[in-house]
> 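Submitted below is the structure of interest, expressed as structure tokens.
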Amino acid sequence: MTLVDRATRQIKVINRLDFLTSDDYTFDYVLEDNGQVMAHGPVTVPTIAPREAAVIKLTADLPELTADHLYTLHLRTKQTTATPWADQGAVVSQTSLTLQRPVVRLHHARQQTITVQEDAVTLTLTAGANQYRFDKVQGSLTLTHAGQPVIQDGLRMNFWRAPIDNDMEILDDYYHKYFMNLWHESALDTTLTAEEHGDYRVTVEKLVGTTNSGWYYAITQTYTIHEDGSFDFAVDGMASGKRDCAPAMLPRIGVALALPQPYQRVTYRGLGPTENYVDSHQAAYLGVFETTVDDLFVDYVKPQENGNHMDTDRVTLQDGQHQIDVQMTTPLNFSVANYADATLEAAKHTVDLRPDDTVSLYLDFKQNGLGTNSCGQNQLQKYRCKFDDFHFGFNFNVRDRG
């Protein structure tokens with residue numbers, strides 16, 4: 001089913017079967033508001049012969065849309081009777097339409113004044129219960145909430161992923177020519193600037209590259225600390241050095257955060273509920289999904305990169321008492337797991353995996369496509385993550401659950 005005209009609610013229904021007509025199925029719709037069902041009902045479809053199509057009008061009454069909500073309409077084809085391959089009522093096809101996607105707008109309350117302490121090697125800012133400690137030598141950040149660790153040794157740039165089966169033809173070059181699994185950060189400078197409205201900006205300059213390589217990224221990380229305890233993070237990467245010596249594809253471009261292990265409840269607004277990548281996302285649709293870290297893990301026999309979700313503009317993690325909110329004004333890729341990339345890469349089989357002491361949260365500007373190189377061609381050019389300049393960012397906040 002495809003939407004022909006939203007104003008008149010016209011939908012084109014195509015029967016791609018070779019023998020059965022539309023009479024062999026039932027059809028319905030589900031309207032969701034921020035992932036919650038707000039309306040559902042049958043869809044009347046006339047008899048459509050095999051390989052034929054018809055345009056119908058959706059008779060459902062669609063309500064007024066609230067400006068800051070996500071509304072999705074799902075048109076489903078279902079089994080009328082049970083078959084050897086599906087139960088009665090099983091959904092055999094689904095078209096998901098985004099009726100409205102809200103624009104992410106960040107609002108920061110003016111609360112307690114931020115205090116600053118600085119010495120030769122450390123810069124510390126306190127905003128309410130959140131304390132930010134920047135190591136000016138390493139260019140790293142430690143964030144605590146009410147004295148409890150939230151981010152340790154962050155936010156590290158991340159250009160590597162646990163190799164997938166389709167990487168088998170390029171892994172030798174990745175390991176021994178480009179040293180893609182050996183990235184190093186060199187901090188150049190950390191500066192503090194007082195902003196208006198009581199905010200502070202911390203700018204960290206870095207060089208990030210692989211072992212023994214003439215190509216590298218010049219990185220500028222900007223943290224804007226707000227009085228409400230949250231911070232805006234923005235990063236600019238400039239592809240530098242001997243650019244023609246860089247690999248044709250990078251596994252990813254993003255940042256990695258190690259969070260406390262109890263943060264296991266996850267809610268996200270993005271493409272789901274299945275994992276999805278730039279060249280493998282036709283089964284996913286935009287929605288609000290509530291799940292767990294374990295349920296986001298895809299159990300491949302050979303542990304590898306998994307569980308990515310594209311087009312995400314909000315991620316929330318909970319541990320029962322506290323909540324981490326990550327909001328993106330420009331959508332990103334995200335994944336979260338109880339196994340870091342290094343843990344996945346070291347395991348030969350899923351039964352070899354043991355959960356880490358921390359939860360790994362990955363926020364990516366871009367992930368390389370999957371391709372089919374274990375039995376076919378590699379990633380198409382348009383799906384490749386390349387050694388180019390980039391910019392992305394998000395807002396991060398940890399707070400008590402009220």
Side-chain angles (χ1 to χ4, degrees), residues 1 3 28-40 68-78 90-104 161-162 164 252 254-257 259 263-300 304-318 323-339 341 344 359-370 383 385 392 394-396:
M1 300 186 191
L3 185 64
D28 68 1
Y29 77 92
V30 176
L31 178 65
E32 293 187 358
D33 174 359
N34 280 339
Q36 301 298 313
V37 175
M38 62 181 306
H40 63 88
D68 60 347
H69 286 215
L70 169 68
Y71 293 93
T72 53
L73 178 66
H74 308 280
L75 305 171
R76 308 187 301 183
T77 306
K78 303 170 74 173
V91 176
V92 295
S93 75
Q94 175 172 303
T95 297
S96 297
L97 306 171
T98 302
L99 301 182
Q100 175 181 280
R101 180 169 193 169
V103 177
V104 176
R161 69 182 183 189
I164 63 174
R252 74 191 328 155
V255 293
L257 296 84
L259 305 175
Y263 284 91
Q264 293 292 314
R265 296 293 310 175
V266 184
T267 302
Y268 67 95
R269 185 167 67 194
L271 288 186
T274 58
E275 68 171 4
N276 47 90
Y277 294 80
V278 66
D279 55 355
S280 179
H281 63 270
Q282 292 298 315
Y285 57 89
L286 194 64
V288 177
F289 304 96
E290 296 183 7
T291 182
T292 65
V293 174
D294 278 338
D295 284 345
L296 287 170
F297 180 73
V298 182
D299 193 9
Y300 291 107
Q304 56 193 284
E305 158 64 30
N306 71 88
N308 186 67
H309 292 270
M310 300 170 56
D311 208 13
T312 301
D313 62 21
R314 189 180 71 198
V315 179
T316 298
L317 297 100
Q318 300 176 2
Q323 180 168 310
I324 293 173
D325 296 308
V326 183
Q327 296 189 78
M328 309 84 161
T329 54
T330 300
L332 300 174
N333 292 261
F334 105 94
S335 61
V336 61
N338 286 313
Y339 314 99
D341 280 347
L344 294 175
V359 172
S360 294
L361 174 63
Y362 298 100
L363 300 168
D364 294 326
F365 169 74
K366 187 176 291 186
Q367 265 244 30
N368 203 31
L370 302 178
Y383 298 135
C385 180
F392 68 95
F394 50 84
N395 175 265
F396 186 102

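As a basis for the values below, the full set of heavy atoms in this structure was taken, side chains included, without hydrogen atoms, waters or symmetry mates.
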> I'd like to know if the side chain of His309 and the backbone of Leu271 have a donor-acceptor N/O pair within less than 3.5 Å.
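Checked: pair present.
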> Is it the case that the side chain of Tyr362 and the backbone of Asp341 share a donor-acceptor pair, with hydrogens and angles ignored and the cut-off at 3.5 Å?
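Looks like yes, one N/O pair under 3.5 Å.
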> Within the side chain of Asn276, is there an N or O that forms a donor-acceptor pair under 3.5 Å with the backbone of Thr274?
yes
> Answer yes or no: is there a donor N or O on one side and an acceptor on the other, between the side chain of Gln367 and the main chain of Val278, under 3.5 Å?
no
> Without swapping roles, check the side chain of Thr312 against the backbone of Gly270 for a donor-acceptor pair under 3.5 Å.
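Absent.
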> Counting distance only, does the side-chain N/O of Asn306 pair as donor-acceptor with the main-chain N or O of Val298 below 3.5 Å?
yes
> Checking the side chain of Asn368 only, and the main-chain atoms of Cys385 only, is there a donor and an acceptor separated by less than 3.5 Å?
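Yes; judged by distance alone, with no hydrogens or angles, the pair exists.
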> Closer than 3.5 angstrom, by distance alone: can the side chain of Asn34 be matched with the main-chain N or O of Leu70 as a donor-acceptor pair?
yes
> CG of Leu296 to OG1 of Thr291: how many Å apart, nearest 0.5 Å?
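One gets 4.5 Å once the value is rounded to the nearest 0.5 Å.
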> How long is the straight-line distance from CG of Asp313 back to CZ of Arg269, given to the nearest 0.5 Å?
4.0 Å
> If the threshold is 4.0 Å, N to carboxylate O, is there a salt bridge linking Asp364 and Arg161?
no
> Please indicate whether Gln94 has more than 12 foreign heavy atoms, meaning atoms of other residues, nucleotides or ligands, lying under 6.0 Å from its CD.
yes
> Measuring from atom OG1 of Thr72 to atom CE of Met38, what distance do you get when rounded to the nearest 0.5 angstrom?
10.5 Å
> Are the side chains of Arg101 and Asp311 in touch, meaning some heavy atoms are under 4.5 Å apart?
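They are in side-chain contact.
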